[in-house]
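Encoded as structure tokens, the structure appears first; notes follow it.
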Amino acid sequence: MTDESTALKRPASVDNVSKEKKKSTFVEKLEFEATQTQTIDVGTIADQAWDRPPLSSGWDRKPIIFQQIDAQAASYDSNIVRMFGVTEEGHSVMCDVVNFQHYFYVPAPANFSEEDIRPMIDSIPDENERKDFISRIAAIEILPKQSIWQYNGGNKSAFLKIVGRTPKDISYLRTQIENEQNAMHTQYGLSTMTYDNISYELRCTIDCGIVGMSWITLPANKYEVVEDVDKQSTCQMEVRIDYRELIAHKVEGEWIKSAPLRIMSFDIECSGRKGIFPEPQIDPVITIACVVQVQGSSRPFVRNVFTLNTCDAIVGSEVFEHETENELLMHWADFVRKVDPDVMIGYNTTNFDFPYLIDRAEALGENSFPYFSRLKNVRQVLKDAKFSSKAYGNSESRVVNIEGRLQIDLLQYIRREYKLRSYTLNNVSARFLGEQKEDVQHSMITELQAKGPETRRRLAVYCLKDAYLPLRLLDKLMAFVNMTEMARVTGVPMSFLLSRGQQIKVVSQLFRKCLEIDMVIPNLKQNGGSDEKYEGATVIEPIRGYYEDPIATLDFSSLYPSIMMAHNLCYTTLIIEGPTLSASGMTIDGYIKKRGLNLTPQDYVKTPNGDYFVKSDVQHGILPIILKELLSARKKAKDDLKKEKDPFKRAILDGRQLALKISANSVYGFTGATVGKLPCLAISSSVTGYGRDMIEATKNFVEKHYSKANGYEHDSVVIYGDTDSVMVKFGTKSLEESMRLGEEAADKVSDIFINPIKLEFEKVYYPYLLINKKRYAGLLWTNSNKYDKMDTKGIETVRRDNCQLVQYVVETVLQRILIDRDPEKATEFVKQTIVDLLQNRVDLSLLVISKQLSRTDYAGKQAHSELAARMQKRDPGSAPVLGDRVPYVIVNYSSDKNYDKSEDPTFVLENDLTIDTNYYLENQLKNPLQRIFEPILGAAKTNSLLSTAQIRTRTVTTGDKFSKFAVKTQQCKGCRRPLRKPFDTGAVCENCAAEAGRLYAAELTDLYDMETKFGELWSECQSCQNSVEHDVICAAQDCPIFFMRRKVQKDLDKKYNELKKFDLSW
DNA sequence: TAATGGTAGGGGAGGAAAGCTTTCCCATAT
DNA sequence: TAGTGATATGGGAAAGCATTCCTCCCCTAC
Ligand SMILES: Nc1ccn([C@H]2C[C@H](O)[C@@H](COP(=O)(O)OP(=O)(O)OP(=O)(O)O)O2)c(=O)n1
Ligand code: SF4
């Protein structure tokens, strides 16, 4: 779509170039190719350096080899599967996979043959219904297949494969057959149980062996080229191929490589009214910035900004100015089509940028705007989507279809992969990129936009920076690489990784494996999901206390997956569930005979849970195979981790192996998911049953073997253990000795169990503070020379539902106790902190608590949910929504309920509300500290440290108790006596008037200190915003600097006023 | 055309329930 | 405006309060 209407009013003016001499450091960072700043062709943005490489002639007679980025059924109503991808040279490809026919299976009735098919269908009484049925059928075949329940009642081997054309046909046919009233069922005994209904999005890719982000070869002469005039897409190559002709490459050898994908990151700015979040019906889009980079390269090759109204030039970036918003939007859409990105990324693009652009264009009546996908005639529309899972929480989003372009919203990725207190771009970039990001409020954006080309330039630079950050995050977090790996290992398209859960990954793998061995999966009727729970793992009752001897930790590696592999637990190997067998009153022998199964007692095992499974030499389970693959991918990741030295990269690699571990554990979880596609509690509860037996056996073995009775110096004690681990006190004081015993014990225990079950000696805690189940801390040693780090589990240092002050204090206290071994120093620190807190000297940012808003219908009132509701009333646009974390502080208020006292930190700053320091002492600090100190100092000392009375005396003696009243009743600056209004006009009372000179000087010093402090903060912000010539306008909620700057500013104002009073009295 | 891995567990907060004390009202004795 | 003895005592209901227990919720360890 060429677009003459997006004429640029004016190329970036030449005058402005001179200003570039004094550009900020950020802009210099942005600068990469001076040639790119030349003036731009008016009217069109064709012929740019960013065009894809031209096709060589005769390409259509050679094989097409490309990396596929998205392969999904084109629609519910068609049998075309549409693939988009990129070749190694960077050519864009769209390939329609044709002739694929969707299908499902039904067990054939007894003694059924080809000849019976027609009469059976003819038995449908209603003529229209029959015709409808027949018209949707493409074919029916009788095929030998096994149900995955082969031993558990489903030992049919002949299946009818019902072939339709489109997913819609299949859905119709299935509904007919599953209906118990249907004549084929009542007259011919056709089962109403259907098999192999996988979501149509995956069906074809599974059958073709295509996994997410894999390479495809379209052999020469096997594909058909779509002529330019008929092209539906904007891709360079548009072809069609029969699904049987394409070659899907396994991800191995050379096919591990990646195509040069184009990633475009963008960000938009909207003007807003004061205190109101921008609304697309009213508030215009004023700036859009884009940065485009090839995956894997280190430098963007396009940077540009689309502005409303004029804007001064920016070195290293193109500036496109527009007179109207319509032009701006249309020009941007045109740019997207021209630069043709394979991947579009940003921060919160799913819930903000894309919906805003589309809604805004609609509000402006710009109907031709929402066409920036790779399909020319497909409109981009918004659809509401909900996601709900225990692990990822509940959330709502508005998704937009952009055919052929992957969307990666970094916010969503980071939310899933990293547990953070706050997910604002400011906080995320501070954490991962080590730099604060200034945050400009919407009313300020409006001001910048209104003033002139220079401030608009500032806005544009700000927007550019925000557009570039997601790219840097993508790179630094290796998000694209990790997602590619996950898509390839689990087989799902990359887009599923952010929009779907764990189930779909398991389903994808399960169906692939079943297809290979001719097995079919029943479609269980969704019976509303019974909320049946089963018994999980054992947590050994801890022997609580503070241990100054080394505690060795033994841990089964990948416990549940290895149990499933060792005992061959799978759908395909289940003979019968324990409860069912006992209900029937039969013995297992009797049952096997009755079923006519050819199994001897050596062929199967009974799990601790009482269920029976066949051994792997009879039938090797599918789940164990899947697990093996997942674990080997994990092992690779763990090996990379071992090699890496850089701490940040290690953290990233750790995340990668963790994601793979969770996927493996989710295979177990999937069998226990009663609301899932294929629950099988026999498997999941057998797994946990084995696990319980194993931890018990391990504990017993260790305690029995390492005992005086057995010739050792001490009796060992297992002081704690959770699911797959035991913490052993061997009794020795020597670190080396405990490590040696740990190694040895791990080997001995491993020998008891079947492969691949393995107990590993992991680490020694020394010293070790065991507070409670799932709560402990200790110094972690993996070698006896130097401890690795302090490790804390479950306690406040790793939790996000308290304030950072608590985290900081607890962390410091633990360090002083565990590392310095100096509890005295720890108590001193606590005392000082409490004094600081009660005297309001603790920075507000340390007092912010945040909790996730995880539902819409809370049963009771909660601090965070009530605050969210109040904020909703103040400004609906900026209030937290489902799935967001709500930051709040507890302030003094007339109610004693926390849900009344919670308040938005920014609101607190703006309205000068006072913090309820007592809450932070009593409800935040006290209990966690008590739990730590008590095992070490004893109850008496701890109580005296933390008792209210003691704290009060300590605090009062330090004075300054009146500071919080200072605002209300004016006091003499000298003696603090309340000023008597008519007599004492100035800052000091009559009595102190003589001393006024000295006091004034003291005040001046104070003021000077504050000004210095403010100056420091100010210049910190200026360096953050990379400009010393501009005022600081940032209001970043997560930045501690912001809070300090505001507080000092307020204090300064107060001081000025006080000093003014001196003037009066003199 | 729905889709959502599992269980165990600590700990904070709110709110109902149960228990205790105080207050109030009434009947009765003097 | 109509009706008025005064006082002490005990019992029981109602009200107020503190405590306990349970449930919800968050987030974490496996
Ligand atoms: N997200 C998780 C984490 C754990 N588990 C279960 C299955 C695990 O096998 C078992 C033990 O958990 P670990 O955290 O010790 O993890 P693994 O033993 O699987 O891996 P490894 O110990 O090798 O890191 O708990 C689970 O179901 N889901
Ligand atoms: S407050 Fe200052 S340091 Fe913090 S993000 Fe804003 S500009 Fe940067």
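Just so it is clear, the structure is predicted and the values come from calculations on it, not from any experiment. First the proteins, then the strands, lettered A, B, ... as listed; each starts at 1.
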Gap in Å between the two P atoms, one belonging to B/dT30 and one to C/dT4, rounded
24 Å
Please find the pair of heavy atoms, one from A/V492 and one from A/L497, that lie closest to each other, and give the distance.
CG2-CD2, 3.8 Å
Protein-nucleotide distance (A/N394, atom CG; C/dC26, atom P), rounded to Å
9 Å
Output the single nucleotide from B/dG12, B/dG10, C/dC30 whose closest atom is nearest the side chain of A/N927.
B/dG12
Quickly work out the A/K774 NZ to C/dC26 C1' distance and round it to whole Å.
15 Å
Rounded distance in Å between the P positions of B/dA3 and C/dA29:
32 Å
So what does A/Y720 hit on the nucleic acid, given a heavy-atom distance under 4.0 Å: a base, only sugar-phosphate, or nothing?
nothing
Scan A/S854 against the nucleic acid and name what it touches under 4.0 Å (heavy atoms): base, sugar-phosphate only, or nothing.
sugar-phosphate
Going by the angle between their ring planes, with limits at 30° and 60°, are A/Y690 and A/H567 parallel, tilted or perpendicular?
parallel
Check the side chains of A/D916 and A/N918 for a donor-acceptor pair under 3.5 angstrom, ignoring hydrogens and angles.
no
Hey, does the Lys NZ or Arg CZ of A/R500 hover above the aromatic six-ring of A/F496, less than 6.0 Å from the centre and inside 45° of the axis?
yes
Taking atom P of C/dC27 as reference, at what distance in whole Å does atom CG of A/N802 sit?
10 Å
With a 4.0 Å cut-off on heavy atoms, is A/F387 in touch with a base, just the backbone sugar-phosphate, or nothing at all?
sugar-phosphate
Name the nucleic acid region contacted by A/R885, choosing base, sugar-phosphate or nothing; use a 4.0 angstrom heavy-atom cut-off, strictly under.
sugar-phosphate
Going by ring centres under 5.5 Å and near-parallel planes (under 30°), is A/Y200 stacked on B/dT1?
no
Side-chain atoms of A/I662 come closest, of B/dG5, C/dA29, C/dC26, to B/dG5
Quick check for you: among C/dC25, C/dC27, B/dT4, whose closest atom lies nearest to any side-chain atom of A/R800?
C/dC27
Report the nucleotide, chosen from B/dG11, C/dC25, C/dC30, that has the shortest atom-to-atom distance to any side-chain atom of A/A859.
C/dC25
Across the strands shown, which category fits A/S666 at heavy-atom distances under 4.0 angstrom: base, sugar-phosphate, nothing?
base
Would you mind checking if A/R692 and A/E535 are paired as a salt bridge, meaning a charged N to carboxylate O distance below 4.0 Å?
yes
Quick one: label A/G672 by what it contacts on the DNA or RNA (base, sugar-phosphate, nothing), any heavy atom closer than 4.0 Å.
sugar-phosphate
Give A/Q862 one of three labels, base, sugar-phosphate or nothing, depending on what nucleic acid heavy atoms sit under 4.0 Å from its own.
sugar-phosphate
Below 4.0 Å: OP1/OP2 of C/dC27 and any side-chain N or O of A/K390
no
Can you give me the dot-bracket string for DNA chain B, 5' to 3', counting Watson-Crick and G-U wobble pairs with both distances under 3.5 Å, using [ ] for crossing pairs and | for partners on another strand?
.....||||||||||||.||||||||||||
Between atom CD in A/E866 and atom C1' in C/dC26, what is the gap in whole Å?
16 Å
Once you apply a heavy-atom cut-off of 4.0 Å, does A/V506 come out as touching a base, just sugar-phosphate, or nothing?
nothing
Integer-rounded Å distance: B/dA3 P and A/I504 CD1:
8 Å
Less than 4.0 angstrom from a charged side-chain N to a carboxylate O is my criterion; do A/E629 and A/K513 meet it?
yes
Between the base of C/dC27 and the side chain of A/R799, is there a donor-acceptor distance below 3.5 Å?
yes
Spacing between A/K677 atom NZ and B/dT1 atom P, to the nearest angstrom
15 Å
Side-chain atoms of A/Q852 come closest, of B/dG10, C/dC27, C/dC26, to C/dC27
How would you label the contact of A/R174 with the nucleic acid (heavy atoms, under 4.0 Å): base, sugar-phosphate, or nothing?
nothing
Which residues pass the salt bridge (Lys or Arg N to Asp or Glu O under 4.0 Å) test with A/D132, sequence neighbours left out?
A/R136
Using a 4.0 Å heavy-atom cut-off, does A/K533 contact any base of the nucleic acid, only the sugar-phosphate backbone, or nothing at all?
sugar-phosphate
Considering only heavy side-chain atoms of A/R500, the closest of C/dC26, B/dA3, B/dG6 is B/dA3
Starting at atom NZ of A/K419, determine the distance to atom C1' of C/dT28, rounded to an integer number of angstrom.
9 Å
Apply salt bridge (charged side-chain N to carboxylate O under 4.0 Å, His left out) to residues A/R544 and A/E541 and explain how you reach the verdict.
CA-CA 9 Å; A/R544 298 168 183 79; A/E541 189 61 38; 3.2 Å; yes
note: A/R775, atom CZ; C/dT28, atom C1'; distance rounded to Å ~ 7 Å
Qualifying residue for side-chain hydrogen bond (donor to acceptor under 3.5 Å, both in side chains) with A/Y392, from A/R415, A/R416, A/Q502:
A/Q502
